[in-house]
**Q** 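For reference, the structure I am asking about is given below.
Numbering of residues begins at 1 and proceeds along the displayed sequence.
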Amino acid sequence: MSMQLKIENNKIYAPILGKWVNLTPEEKLKQEFIIRLINHYGYSLEQLDQDVVIKDRYKADIGIWRNKSEKKKNKIPSIIIAAQCKAEHITINAEDYLIGYNFASSVKADFFIATNLKETKIFYIKDEPLDRKLERLQDIPKAQLITEDAQIRKFISESKTFTRDQFTALLSKCHNIIRNNDKLSPEAAFDEISKILFMKIMYERKSNQELIFSKERFKSLEKDYEENIRPSLKATGSSLFDKEYMQYLFDKTKEEFKNDELFEELDRIRIRQRSFEMIVEELESFNLSNTSDDIKGIAFEEFLGRTFRGELGQFFTPRTVVDYMVDVLDPEEDELICDPCCGSGGFLIKAFEYVRDKIESDIQSKVKNIQSTYYDSNFEKLPKAQKSKIEKKVNDLKLKLFEEFNLNNKKGRLHNLSHNCIFGTDANPRMARTAKMNMIMHGDGHGGVHHHDGLLNVNGIFDGRFDVILTNPPFGSRVNKTLKITPSDIPSEEKIKYYEDRYKEYNYRETVVKQIQDWANHDNGHGKSRGKALLDIFDVGAWSGLTEVLFLERSLNLLKLGGRMGIVLPDGVLNNSALQKIREYIEGKAKIINITSIPQDVFIASGATVKPSLLFLKKFSEEELATYQKITEETTKEIKDKYQPKLDELKATFKLEEKKLKESKLAKELRELKKKYAEDVKQFEDLIAADIKPLVKERFDYPIPVIEIHDAGISSTGAPTDSKELKETAEEFKIYRKRAKLWAEPKKETQYPVDDDGNISRLQLIDGNIVSESQIFYEAYAH
């Protein structure tokens with residue numbers, strides 16, 4: 001019989017003390033953890049104690065001895081536990097556990113555990129110097145494992161946190177299990193591993209029992225399902241009772257991630273249960289919920305690359321190139337970022353991490369400011385009670401600041417970045433789903449990613465909305481002239497209503513949806529063929545159907561005035577004389593801020609055969625657009641005036657000859673005259689246009705940095721090199737663009753003033769002016 005938590009009349013029962021104590025959040029966390037230690041890790045009350053004062057210097061919330069005898073002799077506990085009642089989303093960071101860890105180390109305990117409502121971190125005490133990186137373990141040792149030194153050493157060696165290389169290798173091993181046992185293609189095998197990973201994530205996020213989703217745990221849950229859940233399903237006549245537990249658990253996972261559109265409604269596990277159990281067993285020492293986003297994210301990305309390099313290699317942009325392009329465009333907090341052909345999500349992940357790092361750096365600096373304010377030179381001289389009061393206030397303010405990292409807090413800065421600022425779409429359903437999974441593994445930002453044709457407005461991705469575009473469109477393929485926009489491209493009414501409410505300021509139904517509806521219902525003549533040709537909705541479609549060319553215009557359309565973009569293009573788009581009109585079209589809408597040529601072998605590992613360049617543009621601001629249009633109008637008038645006398649002379653000669661031929665009724669000669677006159681006029685018009693373009697370019701002049709990269713940090717095999725050329729170039733460009741003021745950079749700042757009652761507010765300032773003010777008080781924190 002398992003022990004249960006008991007709460008009555010604002011009291012909670014403490015089984016170690018054998019009495020009822022006052023119910024506080026801290027006490028509740030402590031008792032829940034004690035019960036978990038007893039029920040799931042096999043500890044007895046006789047070897048546990050709470051509020052343990054060790055050597056008169058440190059109070060552990062919970063102490064665990066190897067056995068009751070060592071506890072009675074008042075020896076040092078084997079495990080020292082610090083339970084902090086932070087809000088459930090707050091990650092445990094170093095400053096929260098370092099004092100406890102250092103003390104546990106000084107008294108030579110075996111383990112130190114830090115826990116809060118969100119997570120549990122387990123450390124083993126090393127013999128090496130304390131300034132080395134602390135070694136984390138994946139799970140709490142069970143009672144029978146701490147009785148002897150040899151068993152402790154064995155547990156430690158088997159339970160260390162995996163490196164990302166180990167995780168990548170492990171994912172590849174799981175992939176091979178499926179390919180060997182179930183004979184699935186690499187892509188289909190990847191889909192099955194993804195399902196298992198998310199089943200594991202779901203369990204480890206929600207588990208208040210054992211931390212790891214292990215084979216043993218799966219079998220235990222399966223037994224409970226067969227004995228209790230399945231019979232009740234059968235009794236109620238539910239068709240679900242036919243499902244084995246593996247499928248039942250996957251259905252629960254689909255429900256958990258329903259809003260994320262990760263899985264199709266009819267998706268199921270398509271491998272044998274034996275394969276499923278083998279994979280769970282391989283992964284069981286790896287806690288996905290408790291592992292850093294850097295480790296699991298990059299490992300997942302490397303595994304993706306190994307799986308899809310062949311047929312789907314075009315969906316992967318080398319990491320060094322992605323890093324460079326994001327560094328060059330330097331996205332800021334609150335800017336909207338999009339990749340209209342996002343592939344596996346590389347650009348979106350890097351942009352998310354890049355801005356998240358800026359937010360975290362800002363919050364940490366604000367925490368240091370609070371600490372320096374309250375822990376001033378007089379602090380050490382204060383009485384102990386007053387010190388405790390100040391420490392409590394500082395911790396309270398820190399907790400409120402850390403709410404900015406809460407992805408579930410709709411007012412938080414990280415939630416805003418994740419849910420409102422990152423968008424992408426891909427026409428390949430597997431890649432759209434993979435991008436979502438990839439982003440979840442990296443820490444989130446996946447909600448704005450969709451499966452859809454990136455050339456069309458959809459959901460939150462529509463014209464004139466974005467500050468930053470980063471993309472690597474497919475090269476070389478062409479959009480067929482017969483490809484039309486159809487009613488299937490129109491969003492469902494459910495989605496229309498959702499986005500209409502979300503984007504009220506854009507008049508979403510009228511400006512976004514109506515446009516797609518009009519194109520889908522366009523009458524092409526004679527009432528027979530409906531649907532506008534996809535090429536016809538693009539200006540450049542009149543000159544080229546190449547996908548990279550269409551995405552060039554598409555990306556510019558998505559940008560706000562003054563927005564900036566980086567796009568990977570084949571050199572031909574920049575150099576081919578046949579595409580001159582397209583270059584002129586782009587130059588009439590945006591400034592070129594950087595052209596970076598990279599070696600051809602950078603993309604060879606991804607299956608590309610053409611030499612690429614990285615083109616960076618800044619869409620004209622309102623002022624620049626007005627200036628460009630004025631220059632164009634004045635130059636056009638000037639050149640037309642220059643040629644007008646010759647055109648007038650040509651027209652006068654034509655009219656005279658026309659009159660003579662009409663009077664002579666020479667129809668054939670008249671037709672030839674008109675044809676010759678039209679050709680001559682066209683020749684003059686071409687001369688006028690040819691004279692206008694270079695003159696406009698001369699008068700709307702600005703420097704264009706052209707950069708040649710010799711080593712982009714990746715070889716033709718896809719292996720990394722030691723080159724830092726791209727990184728150093730990005731740093732140099734940042735200095736240049738700030739000096740040249742390539743784009744408007746208002747000085748943004750977030751401040752957190754504290755009032756006399758300890759309430760903290762968020763002030764957002766631009767150029768020193770307050771643009772928004774909000775109280776830092778969140779539901780999760782309040783609870």
Side-chain angles (χ1 to χ4, degrees), residues 40 119-122 136-142 155-182 184 186 188-207 209-222 244-254 256-257 262-263 267-307 433-434 437-438 440-443:
H40 301 287
E119 63 178 343
T120 299
K121 286 187 175 178
I122 306 103
R136 278 179 61 193
L137 304 174
Q138 288 293 309
D139 202 0
I140 300 167
K142 293 192 174 180
F155 171 76
I156 288 169
S157 68
E158 292 174 351
S159 186
K160 284 185 186 179
T161 303
F162 276 29
T163 65
R164 66 173 180 246
D165 289 340
Q166 287 172 307
F167 188 29
T168 306
L170 192 57
L171 290 174
S172 296
K173 187 174 181 181
C174 296
H175 195 249
N176 290 334
I177 287 171
I178 294 176
R179 295 190 67 186
N180 293 337
N181 289 4
D182 302 275
L184 297 183
F190 167 79
D191 289 344
E192 297 308 299
I193 289 176
S194 299
K195 293 169 187 175
I196 297 171
L197 287 174
F198 279 90
M199 291 165 79
K200 183 174 171 66
I201 286 172
M202 183 192 73
Y203 174 87
E204 289 168 358
R205 272 185 184 175
K206 299 171 81 70
S207 177
Q209 298 172 2
E210 294 179 38
L211 297 177
I212 299 285
F213 183 59
S214 62
K215 180 182 174 183
E216 181 185 355
R217 185 65 183 148
F218 170 75
K219 299 303 285 183
S220 169
L221 292 169
E222 183 181 41
E244 56 203 29
Y245 181 65
M246 178 178 71
Q247 298 294 349
Y248 174 80
L249 191 60
F250 179 57
D251 284 347
K252 288 180 71 175
T253 304
K254 285 194 296 184
E256 178 76 11
F257 292 100
L262 287 173
F263 305 106
D267 262 353
R268 60 185 181 84
I269 301 290
R270 300 179 186 277
I271 57 175
R272 297 174 176 86
Q273 181 154 331
R274 172 65 183 143
S275 302
F276 178 89
E277 289 178 9
M278 287 173 71
I279 290 170
V280 170
E281 192 170 17
E282 289 292 343
L283 294 171
E284 67 183 29
S285 58
F286 198 94
N287 186 324
L288 284 180
S289 179
N290 207 18
T291 301
S292 78
D293 299 326
D294 179 57
I295 289 174
K296 67 188 176 193
I298 295 176
F300 188 74
E301 207 168 329
E302 289 175 2
F303 172 57
L304 280 177
R306 294 181 188 182
T307 305
R433 185 170 67 249
T434 298
M437 293 177 176
N438 204 358
I440 289 172
M441 288 289 184
H442 277 86

**Q** What do the steps show when you test Ile178 against Ile193 for side chain to side chain contact (heavy atoms under 4.5 Å, CB included), and what is the final call?
**A** CA-CA 8 Å; Ile178 294 176; Ile193 289 176; 3.7 Å; yes
**Q** Once rounded to the nearest 0.5 Å, what's the spacing between atom CZ of Phe250 and atom CZ of Phe263?
**A** 4.5 Å
**Q** Let me confirm one number: the NZ-OH distance from Lys252 to Tyr245, rounded to the nearest 0.5 Å.
**A** 6.0 Å
**Q** Determine yes or no for a side-chain-to-main-chain donor-acceptor pair under 3.5 angstrom, with Lys254 supplying the side chain and Asp267 the backbone.
**A** yes
**Q** Which is it for Ile140 and His40 under the side chain to side chain contact (heavy atoms under 4.5 Å, CB included) test, yes or no, and what are the steps along the way?
**A** CA-CA 10 Å; Ile140 300 167; His40 301 287; over 6 Å; no
**Q** In sequence, state the C-alpha distance, the side-chain angles, and the governing distance for Met278 and Asn181, and then conclude on side chain to side chain contact (heavy atoms under 4.5 Å, CB included).
**A** CA-CA 10 Å; Met278 287 173 71; Asn181 289 4; 3.6 Å; yes
**Q** What distance do Glu282 atom CD and Lys215 atom NZ have between them, rounded to the nearest 0.5 Å?
**A** 10.5 Å
**Q** Does atom CZ of Arg274 have more than 12 heavy-atom neighbours from other groups under 6.0 Å away?
**A** no
**Q** For Met246, enumerate each residue passing the side chain to side chain contact (heavy atoms under 4.5 Å, CB included) test, keeping only those at least two apart in sequence or located in another chain.
**A** Phe218, Glu244, Ile269, Gln273, Phe276
**Q** What's the separation between atom OH in Tyr248 and atom OG1 in Thr253, rounded to the nearest 0.5 Å?
**A** 11.0 Å
**Q** Any side-chain heavy atom of Ile177 within less than 4.5 Å of one from Ile271?
**A** no
**Q** Could you check whether any side-chain N or O of His175 sits under 3.5 Å from a backbone N or O of Pro186, counting only pairs where one atom can act as donor and the other as acceptor?
**A** yes
**Q** For Ser220 and Glu216, indicate whether the former's side chain and the latter's backbone hold a donor-acceptor pair under 3.5 Å.
**A** no
**Q** I'd like to know if the side chain of Lys200 reaches the main chain of Leu283, judged simply by a donor and an acceptor atom lying under 3.5 Å from each other, with no hydrogens or angles considered.
**A** yes
**Q** Could you tell me the separation between the CZ atom of Arg270 and the CD atom of Gln247, rounded to the nearest 0.5 Å?
**A** 9.0 Å
**Q** Which atom names give the shortest non-hydrogen contact between Ala189 and Leu184, and what distance separates them?
**A** N-CB, 4.1 Å
**Q** Between Met199 and Val280, is any pair of side-chain heavy atoms under 4.5 Å apart?
**A** no
